[in-house]
Number of protein chains: 4
Amino acid sequence: MAKKTGEKYQNIIEAAVKVIARYGYHQAQVSKIAREASVADGTIYLYFDNKDDILISLFKEKIGAFIDTARTRIEQLDRADDRLRELIYMHLWQMSQDRNLAIVTQIETRQSNPVLRAGIYDVLKHYLNLIDEVVFLGKKQGIFGPDVDHRIARKMIFGTLDEVVTSWVMNERDYNLINLVESIHNLFINGLKVAKQ
Amino acid sequence: MAKKTGEKYQNIIEAAVKVIARYGYHQAQVSKIAREASVADGTIYLYFDNKDDILISLFKEKIGAFIDTARTRIEQLDRADDRLRELIYMHLWQMSQDRNLAIVTQIETRQSNPVLRAGIYDVLKHYLNLIDEVVFLGKKQGIFGPDVDHRIARKMIFGTLDEVVTSWVMNERDYNLINLVESIHNLFINGLKVAKQ
Amino acid sequence: MAKKTGEKYQNIIEAAVKVIARYGYHQAQVSKIAREASVADGTIYLYFDNKDDILISLFKEKIGAFIDTARTRIEQLDRADDRLRELIYMHLWQMSQDRNLAIVTQIETRQSNPVLRAGIYDVLKHYLNLIDEVVFLGKKQGIFGPDVDHRIARKMIFGTLDEVVTSWVMNERDYNLINLVESIHNLFINGLKVAKQ
Amino acid sequence: MAKKTGEKYQNIIEAAVKVIARYGYHQAQVSKIAREASVADGTIYLYFDNKDDILISLFKEKIGAFIDTARTRIEQLDRADDRLRELIYMHLWQMSQDRNLAIVTQIETRQSNPVLRAGIYDVLKHYLNLIDEVVFLGKKQGIFGPDVDHRIARKMIFGTLDEVVTSWVMNERDYNLINLVESIHNLFINGLKVAKQ
DNA sequence: TATGAATGAGAGTTCATTCAT
DNA sequence: AATGAATGAACTCTCATTCAT
């Protein structure tokens, strides 16, 4: 029913990111988003099925595009460890680029509303697949240990990056996420233990 | 104003865990929690300031107790790597023990409501400190690398465990979290890379 | 869930009759009814499931009581033709007594809303049964013709009375319905044709 | 403003009967009617002033035509009692012919909206006049009793037929209305009482 | 004539919280 | 301490109507 294209559609998405980042999902009334997008309240419903659909669509548009870009760039590299570095970099870089989007992504999409969660997860699983592929490749290339459990590795990679970004978003100080890439990569690859001589 | 002790206080906490796990925070009306706890709606407000305070108090009671136990057990071990294993074990074991609590912890406390987040964080930071201490000790003992950034390490440890538990809670299949302890520990200590001969 | 007793329940019913008669069902906002009944909007929902339920309950209370009274009085008479006269009288008298109720009954309950119609019909069928019983008795007593189809007779009796009252309600002039009892009764009993000498 | 002629006008009327019969007046959105009529939403407003006007116009077109036909056929008969039979027949036959129209007529036009009711009544009164004329003629011809009150008689005739058709429309079973003509006619003429020997 | 995207007013209902008993 | 009836603010979504093209 809802027509998910056009300039107004994009405007509403942008307005939603802004308003939700500022007020939180629950305090981001549809009328507030409409005003920010300079359209009438009813117009929102020409492009979105309901309020939840705004958040889901927003996530789909933004994260979907990110995943595509990330995949393209990652696949230009040969070695799995380089791919992992690129993935870390892309994740942090993307979130650095748009703090409002990061807020929405890290905080507001973590609603317990089942419909919302399901919609979000539909997008997220493509990202988790991308991580899996890097891990599989690493094992195949003999760079990552054969005993590495890819499900655990995936959760470590995603869980760590997610926590790093959440922490950054919640923090007053606006430090540079990109500076963390090497540290994180090193931790993933070599672990905590002291390097052998 | 609210008296945070007594049998009824505990009953309400237990009722809240049950009801919130089942219906989600937004669908866990105060009257539903009151009925489950066999008290009147108004009685809730003799023990809690407001609905948010129920969730925060619940988190404080449950996770606070967990942190104390975890700290006690961890401090009985000497080596940081053993402590880390114990921390992983305690985290997963605790969540395994009470699935309802795990649901509330992993899903329902992730509300974007600022008051709620602040209350939750107040408790959580004690846990994050505990993690920090293990990392510091590891570096001091020369078990963990001197270049390990404790903030990154802490986010890796917490982020990974959090993601592992969330994933377990969201999953239909009820696999045994405890079985993952060694894999996770190994990944944290040695990283992804293939072991040197 | 809704508690359909108590003083407030009755107050709301009375307020609803008044407000709906004056503004029509669609323009009788719940808040208007609440104000008229001197209760808060939310209080309405302690006594009624929803707005439709107000109209249905109102009809049930008022018409249900009327049917009981009518039945009691009718059954004190022996002859079916006397019972028919009493039924006509009771119908018109009842409506004369409370013009607001008549307006609601004749106009506002004729909504095409299926839920509403079903609720209304549940009450109405008891009245139609009462009419049927009078017709059956008349045939049994040999007062009404053996060939009279009770279904048609019932529709004639109800349809006529309904149209008479609707017409009265719609009319500006407030003539006395009771004066029509004999004419209607005569028409039902003897029909249109000129009396035999 | 609205041009009430042309092929599209008729198409919209037909579409409206269909859609309103199926979904009810309130669920028969203008856009639904437009789609059924294969025109744009805005086009509706070139032919009708507003949504109410569609229902009123529909009633006018359909019932107006019916009244004309009924009058023509009735006036070909001499005796008032034959005319009454023809009127009953025409009423039931017409409704039998187009169940959708019957649904709209019996259920959906009974809206409490004053504007709508006024528009409907404007058409209906021509029908009531036709009934009156039959009654007057019967009295003049000495076929109907001189004491018959024509207003009561009219209400009996219309009220009964209306109730018969409403009952038929609401009923699941699709029995033949035409079969009822003689019974109804007999009841109108001779009343309920047992025939004199 | 015809289109259909855009408008924006309007209302039922929920539920955390209070307070008289 | 405990009760639970009463409160009333708050918000999503629908849909008849318009008007630039």
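Letters A, B, ... are given to chains in the order of the sequence lines, protein chains preceding strands, and every chain is numbered from 1.
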Could you tell me whether B:Tyr47 contacts a base, only the sugar-phosphate backbone, or nothing, with contacts defined as non-hydrogen atoms closer than 4.0 Å?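 Counting heavy atoms under 4.0 Å across all strands, the contact made by B:Tyr47 is with sugar-phosphate only.
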Tell me whether C:Arg99 at atom CZ has more than 12 heavy atoms from other residues, nucleotides or ligands lying less than 6.0 Å away.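 More than 12 within 6.0 Å, yes.
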Please check if the number of heavy atoms outside C:His26 that lie under 6.0 Å from its NE2 is greater than 12.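 Yes, the 6.0 Å shell around NE2 holds more than 12 heavy atoms from other groups.
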Find out whether the Lys NZ or Arg CZ of B:Lys32 is both under 6.0 angstrom from the six-membered ring centre of B:Tyr23 and within 45° of the ring's axis.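 Verdict for B:Tyr23: a cation-pi partner in B:Lys32.
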Stems formed with participation of DNA chain F [Watson-Crick or G-U wobble, under 3.5 Å, three or more pairs]: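 For DNA chain F the paired stretches long enough to count as stems (3 pairs minimum) are E:2-21 with F:2-21.
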Just the endpoints, please: which first and last nucleotides of DNA chain E, 5' to 3', lie under 4.0 Å from a heavy atom of chain C?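 Both ends considered, the range comes out as E:dA11 to E:dT14.
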Between [N] atom [atom2] and [X] atom [atom1], what is the distance in whole Å?
X: A:Phe48; N: F:dC13; atom1: CZ; atom2: P; answer: 13 Å
X: B:Asn11; N: F:dA2; atom1: CG; atom2: C1'; answer: 14 Å
X: A:Asp49; N: F:dC13; atom1: CG; atom2: C1'; answer: 12 Å
X: A:Tyr45; N: F:dC13; atom1: OH; atom2: P; answer: 4 Å
X: C:Ile44; N: F:dT7; atom1: CD1; atom2: P; answer: 10 Å
X: A:Gln29; N: F:dA9; atom1: CD; atom2: P; answer: 16 Å
X: B:His26; N: F:dC11; atom1: NE2; atom2: P; answer: 13 Å
X: D:Lys32; N: F:dT14; atom1: NZ; atom2: C1'; answer: 12 Å

If you measure only the distance, is there a donor-acceptor pair under 3.5 Å linking the side chains of D:Lys8 and D:Thr43?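 No - no donor-acceptor pair under 3.5 Å links their side chains.
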When you compare the side chains of B:Tyr25 and B:Asp52, does any donor N or O come within less than 3.5 Å of an acceptor on the partner?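 Present: a donor and an acceptor within the cut-off.
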Please determine which of A:Leu58, A:Val30, A:Ile33, A:Ile13 meets the side chain to side chain contact (heavy atoms under 4.5 Å, CB included) test together with A:Phe48.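 Single pass found, and it is A:Ile13.
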If the plane angle is over 60° it's perpendicular, under 30° parallel, otherwise tilted; pick one for B:Tyr47 and B:Tyr9.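 The arrangement is tilted - the two ring planes meet at 30° to 60°.
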Under the side-chain contact (heavy atoms from CB on, under 4.5 Å) criterion, do B:Thr109 and B:Leu116 qualify, and how do the steps go? CA-CA 8 Å; B:Thr109 58; B:Leu116 215 42; over 6 Å; no
Between C:Asp41 and D:Lys8, which has a closest nucleotide on DNA chain E that is more 5'?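 Residue closer to the 5' terminus by nearest nucleotide: D:Lys8.
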Please figure out whether C:Ser31 or A:Thr43 has its closest DNA chain E nucleotide nearer the 5' end.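 By nearest-heavy-atom nucleotide position, the 5'-most residue is A:Thr43.
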By nearest nucleotide on DNA chain F, pick out whichever of B:Val39 and D:Ala28 is the more 5' one.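 Whichever sits nearer the 5' end wins; that is B:Val39.
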When the nearest nucleotide of DNA chain F is assigned to C:Leu46 and to A:Gln27 on a heavy-atom basis, which residue is associated with the more 5' position?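 Its nearest nucleotide lies further toward 5', so the answer is C:Leu46.
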Write down the distance separating the C1' atoms in F:dT21 and E:dT1, rounded off to the nearest Å.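 Nearest-Å result for F:dT21 against E:dT1 at atom C1': 13 Å.
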How far apart are the C-alpha atoms of A:Gln106 and B:Arg110, what are their side-chain angles, what is the distance that settles it, and do they pass the side-chain contact (heavy atoms from CB on, under 4.5 Å) test? CA-CA 10 Å; A:Gln106 300 304 121; B:Arg110 313 298 160 107; over 6 Å; no
If you check every side-chain atom of D:Lys51, which of F:dA2, F:dA16, F:dT7 has the closest atom?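 Closest of the options to the side chain of D:Lys51: F:dA16.
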Could you tell me whether a side-chain N or O of C:Lys60 sits under 3.5 Å from a main-chain N or O of C:Asp122, the two making a donor and an acceptor?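 Not a single qualifying donor-acceptor pair exists.
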